[in-house]
Amino acid sequence: MILSGLARQLVQQQYIAEEAAIEALTEAQKNKISFVQQVVNKKLVKAIDVAMLASKEFGIPVFDINVIHIEREVITLVNEKLINKHMALPVFQRGNKLFVAIADPTNVLGLDEIKFQSGINTEGILVEADKLGNAIERALAAADDSMSDFDDDGLGDLDFEDPDKEEVEEKGGDEAPIVKFINKMLMDAIKAGASDLHFEPYEKFYRVRFRIDGILQEVARPPVNLAGRISARVKVLSRLDISERRVPQDGRLKMRISKTKSIDFRVSTCPTLYGEKIVMRILDSDSAKLGIDMLGYDPEQKQHYLDNLAKPYGLILVTGPTGSGKTVSLYTGLNILNTEDRNISTAEDPSEIVLPGVNQVNVNPKTGLTFAKALKAFLRQDPDIIMVGEIRDIETGEIAIKAAQTGHLVLSTLHTNDAPQTLTRLMNMGIAPFNIATSVSLIIAQRLGRRLCEKCKTVADIPPETLIEQGFSEDEVDDLVIYQPVGCDACNDGFKGRVGIYQVMPISEEMGRIIMESANSMTIAEQAAKEGIPDLRQSALEKVRQGLISLEEAHRVTVE
């Protein structure tokens, strides 16, 4: 047998004897693998020596595949069988060129077949054969990870309360792999303590992300061609119209995970360029029963909240961005007020927490049931306490304020950055300053910070000048102990759970006078500071002092 190419070069450079090279070549043909694979697998030549010799022979550089960022979406462009057959791994795409990691530069056939299947021009990247084999194994496992656990016991048998089984089968939402995949994602999210699941279709890949402790984390990448079937399954479970893909839809589903425990999910779909994005929020009714002591209020803040809940009338507003825990704060207050001698009614879009003893209404603008109409109906039913999910317009705001002025305790939310801005937001809506000053009794602005894991947090070494810049006083920095995350088996990158960061601002007589003068938020904030009310930044720094959150987390949630 006449040797050529790499085999001849290896013999000439005395890396391998000619007889061994001929035997390896024969075995490679017999096993239907490349000569490079054969000599590396049999440890006849080191992978790095083969790569360096090939680089010199063909004039191309050697790359370390372990430091190359492999784009998982490009792996799905090529059949797994083809990748294993040619030991050629697509690693990334730049423009109209697909770069493929190979250990044998003579493997032109492999590159051509990948080009034909992907429809994209290919270019080989030379890597070491042993590292390439490991990289292929890892990449294929990661690409298939989302579908690999479908055989888990019980994943196909979870009980969903709402959908009719016959209806699910009739609409094609009962394919076993899809059923098990969705069930696995829901169970994994619950086990991980996630607050939301995001199902996101893109042109060349599909991903699932969980929001854990306020941060989104990618957990799976199912094949992109399953996007339609995944959304159909979720929509059937949520009693949504699977034939309508052009407009957003909202739904809800209840999953029974045991005889005594069930979990509610709020489902929202939104049409995107490449399919429907679905977000599922996990609704935990037990969160309202945690008690006010578990929410993270400082003693003075907690007392302000309890004092205003005890008043027979007035308007309590909770503000903050989506996902900042406003609903839990409101329902914690409602749970305290929920006694046999009180009539409590709520209007929400939709109700996230079920609280027995409270009359809960889901507003539905499509049928004409708006927040304003629900409020008017409540006022005809002798209420003691009213909760409005959100004040979105002047009509809802004015009715809520009139209710607060006429002997009712009203609780609601607004989307503003801090407590002083809430008052100017109401003025900008068109509500008279006099009505705001005489009805609003308390404003709570809040954020959620990731709580440091008690098992692994460690002391952070931060220069005193940096601490002073961040808002700590010069007197305290020498003795200040600040912690930072580490990460262990019991937590998520050094964090476990979240803690509330609050600005609790009662409306004093002086503040009411300022409001009636149509003051801006800066003037109101100055008055709050004079009254000793800490803002969100100061409250976050207090949580840092207590060792509950890191300084980086305080900065993340309350950037000045």
Side-chain angles (χ1 to χ4, degrees), residues 72-73 75-76 80 137-165 167-169 171-202 205-213 215-240 242 251-269 274-284 489-493:
R72 282 198 280 176
E73 56 269 23
I75 298 170
T76 60
E80 179 180 336
E137 192 175 322
R138 289 195 308 269
L140 293 178
D144 195 46
D145 182 57
S146 56
M147 311 299 278
S148 62
D149 294 322
F150 283 168
D151 294 329
D152 287 3
D153 292 339
L155 276 181
D157 301 320
L158 292 179
D159 181 22
F160 293 91
E161 184 176 276
D162 289 336
D164 184 350
K165 206 164 188 178
E167 183 184 6
V168 172
E169 292 174 358
K171 291 184 176 179
D174 200 28
E175 299 175 65
I178 303 299
V179 169
K180 289 184 178 180
F181 174 68
I182 297 296
N183 291 358
K184 175 174 169 53
M185 289 297 99
L186 299 184
M187 290 300 295
D188 285 354
I190 293 167
K191 289 174 186 175
S195 59
D196 304 90
L197 299 86
H198 293 242
F199 296 85
E200 301 170 315
Y202 296 93
F205 67 97
Y206 189 99
R207 72 179 175 187
V208 182
R209 293 190 291 173
F210 294 168
R211 190 179 290 280
I212 302 172
D213 293 338
I215 304 297
L216 281 170
Q217 300 177 13
E218 184 176 311
V219 294
R221 286 212 180 190
V224 68
N225 60 348
L226 296 182
R229 282 179 278 176
I230 290 171
S231 63
R233 171 66 182 172
V234 175
K235 287 166 76 175
V236 167
L237 290 173
S238 311
R239 291 248 170 141
L240 300 177
I242 65 169
R252 190 175 179 131
L253 67 89
K254 182 188 288 288
M255 184 176 76
R256 294 192 182 279
I257 55 177
S258 71
K259 290 183 179 178
T260 57
K261 179 75 173 174
S262 62
I263 301 289
D264 290 303
F265 295 84
R266 190 180 75 190
V267 182
S268 170
T269 73
Y274 302 106
E276 289 178 289
K277 176 181 177 179
I278 297 174
V279 176
M280 304 177 73
R281 169 158 289 190
I282 300 175
L283 308 177
D284 186 4
D489 293 337
C491 67
N492 184 38
D493 294 330

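- Across Ile230 and Pro222, no two heavy atoms sit closer than the pair CD1-CG, 3.9 Å.
- In this structure the side chain of Arg233 never reaches within 4.5 angstrom of the side chain of Phe181, judged on heavy atoms.
- A search for side chain to side chain contact (heavy atoms under 4.5 Å, CB included) contacts involving Ala227 returns Pro201, Tyr206, not counting sequence neighbours.
- Scanning for side chain to side chain contact (heavy atoms under 4.5 Å, CB included) contacts around Glu218 gives Arg72, Arg207, Arg209, Arg221, with sequence neighbours left out.
- Between Lys235 and Glu276, the closest side-chain pair of non-hydrogen atoms falls below 4.5 Å.
- The two residues Met255 and Ile190 come nearest to each other via the heavy atoms CE-CD1, 3.4 Å.
- Considering every non-hydrogen atom in both Leu197 and Met185, the closest pair reads CD2-O, 3.6 Å.
- Listed by chain and number, the residues in a side chain to side chain donor-acceptor pair (under 3.5 Å) with Asp213 amount to none (sequence neighbours excluded).
- Atom-to-atom distance recorded for Arg281:CZ and Asp264:CG is 13.5 Å, nearest 0.5 angstrom.
- For Phe205, the ring-ring contact (aromatic ring centres under 6.0 Å, His included) partners are Tyr202, not counting sequence neighbours.
- If you take CG on Leu283 and CZ on Arg252, they are separated by 5.0 Å, rounding to the nearest 0.5 Å.
- Contact detail for Leu237 and Leu253: the closest heavy-atom pair is O-CB, 3.7 Å.
- Here the shortest heavy-atom pairing between Ile178 and Arg229 reads CG2-O, 3.7 Å.
- Applying the side chain to side chain contact (heavy atoms under 4.5 Å, CB included) rule to Ser195 yields the partners Arg211, Arg498; only residues at least two apart in sequence or on another chain are considered.
- Distance check: Asp196 CG to Met280 CE gives 10.5 Å after rounding to the nearest 0.5 Å.
- In this structure, the side chains of Phe210 and Asp188 come closer than 4.5 Å at one or more pairs of heavy atoms.
- Atom CD of residue Glu200 and atom CD1 of residue Ile278 lie 11.0 Å apart, to the nearest 0.5 angstrom.
- Between Phe265 and Val234 the shortest side-chain heavy-atom distance does not fall below 4.5 Å.
- Interatomic distance, Ser238 OG to Arg266 CZ, rounded to the nearest 0.5 Å: 12.5 Å.
- In plain terms, the two heavy atoms of Ala194 and Ile282 that are nearest each other are O-CD1, 3.3 Å.
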